[in-house]
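All values derive from a computational prediction rather than experimental measurement.
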Amino acid sequence: MPQQNSLRLTSRPVDRCSSYTGKGAQNRYLTQAIRCMYRNLGRAMTLDELAEEVGLSKSYLHQIFVAHTGRAPLEFFSRLKVEEACKLLKATDHSIGEIAQRVGFGDPYYFSRLFKKAVGVSPKKYRDQPLCYSERAERLLHPAAQDPKRA
């Protein structure tokens with residue numbers, strides 16, 4: 001997929017890991033898995049593939065993710081995709097279908113439903129509204145960053 005190479009994120013995976021754990025301590029497997037997710041934002045990825053890439057069992061990888069992020073690995077991956085979609089919606093004039101494809105969703109309707117569930121508004125409404133939705137999206141996508149009890 002040539003478009004996959006064009007995806008660029010402003011946050012480095014290690015920094016994102018720190019914001020989710022709420023602590024300076026990082027699990028190297030978690031960091032490795034998140035880096036793998038960033039490299040593969042433009043495609044679907046199974047838990048089997050991710051666990052194999054990191055060299056862990058699926059159950060142990062799941063345990064690490066839940067312990068450090070409060071999310072299952074594929075849920076975390078979906079949230080990263082939604083974050084990238086938020087950036088693309090605000091920074092480009094690509095259609096919602098094109099953005100869905102660029103973040104690894106073959107079905108734009110499924111993407112729109114997932115986006116609305118994660119952000120609270122549809123991709124079209126998110127794009128059309130002022131930046132205040134960006135702050136709301138950040139709170140919805142990263143609840144641990146605002147909730148000191150989860151840290």
Review point. With sequence neighbours excluded, what pairs up with S78 under the side chain to side chain contact (heavy atoms under 4.5 Å, CB included) test?
Key: L114
Revision key, fill the gap. E49 meets the side chain to side chain contact (heavy atoms under 4.5 Å, CB included) criterion, sequence neighbours left out, with R43, M45, T46
What heavy-atom pair brings [X] and [Y] nearest, and what distance separates the two atoms?
X: A100; Y: P108; result: CB-CA, 4.0 Å
X: L80; Y: Y38; result: CD2-OH, 3.6 Å
X: N40; Y: K81; result: O-NZ, 4.4 Å
X: L47; Y: L74; result: N-CD1, 3.8 Å
X: F115; Y: V121; result: CD2-O, 3.3 Å
X: L50; Y: P73; result: CD2-CB, 4.0 Å

Could you measure the distance from the [atom1] atom of [X] to the [atom2] atom of [Y]? Nearest 0.5 Å is fine.
X: E84; Y: I99; atom1: CD; atom2: CD1; value: 9.5 Å
X: C86; Y: R127; atom1: SG; atom2: CZ; value: 11.5 Å
X: S95; Y: Q101; atom1: OG; atom2: CD; value: 9.0 Å
X: L56; Y: L61; atom1: CG; atom2: CG; value: 6.0 Å

**Study point:** Residue pairs fulfilling side chain to side chain donor-acceptor pair (under 3.5 Å) with at least one residue in residues 54-67, sequence neighbours excluded
**Key:** D48-K58, S57-S59
Point to revise | Test salt bridge (charged side-chain N to carboxylate O under 4.0 Å, His left out) applied to E75 - qualifying residues, sequence neighbours left out | key: R71
Point to revise | Under the salt bridge (charged side-chain N to carboxylate O under 4.0 Å, His left out) test, residues paired with K124 that sit two or more places apart | key: D128
Check your understanding: Given the rule in the side chain to side chain contact (heavy atoms under 4.5 Å, CB included) test, do I34 and F77 qualify, once you have shown the distances and angles that lead to the verdict?
Key -> CA-CA 8 Å; I34 293 171; F77 190 39; over 6 Å; no
Practice item. Sequence neighbours left out, what passes ring-ring contact (aromatic ring centres under 6.0 Å, His included) with F65? Give chain and number order. Key: F76
**Study point:** Those residues that, when tested against Y109, pass ring-ring contact (aromatic ring centres under 6.0 Å, His included) (two or more places apart)
**Key:** none
Hey, are the side chains of [X] and [Y] touching, using non-hydrogen atoms and a 4.5 Å cut-off?
X: N27; Y: T31; result: no
X: V103; Y: K87; result: no
X: S112; Y: P123; result: yes
X: R35; Y: V54; result: no

Check your understanding: For L30 and I64, what are the C-alpha separation, side-chain angles and deciding distance, and is it a side chain to side chain contact (heavy atoms under 4.5 Å, CB included)?
Key -> CA-CA 7 Å; L30 180 70; I64 290 171; 3.9 Å; yes
Study note, to complete from the structure: Residues passing the side chain to side chain donor-acceptor pair (under 3.5 Å) test with Q32, sequence neighbours excluded, are none
**Study point:** Pairs meeting criterion ring-ring contact (aromatic ring centres under 6.0 Å, His included) with involvement of residues 87-107, two or more places apart
**Key:** F105-Y110, F105-F111
Exercise for review: Before accepting this row, confirm whether a basic side-chain N of the pair E53/R39 lies closer than 4.0 Å to the acidic partner's carboxylate O.
Suggested key: yes
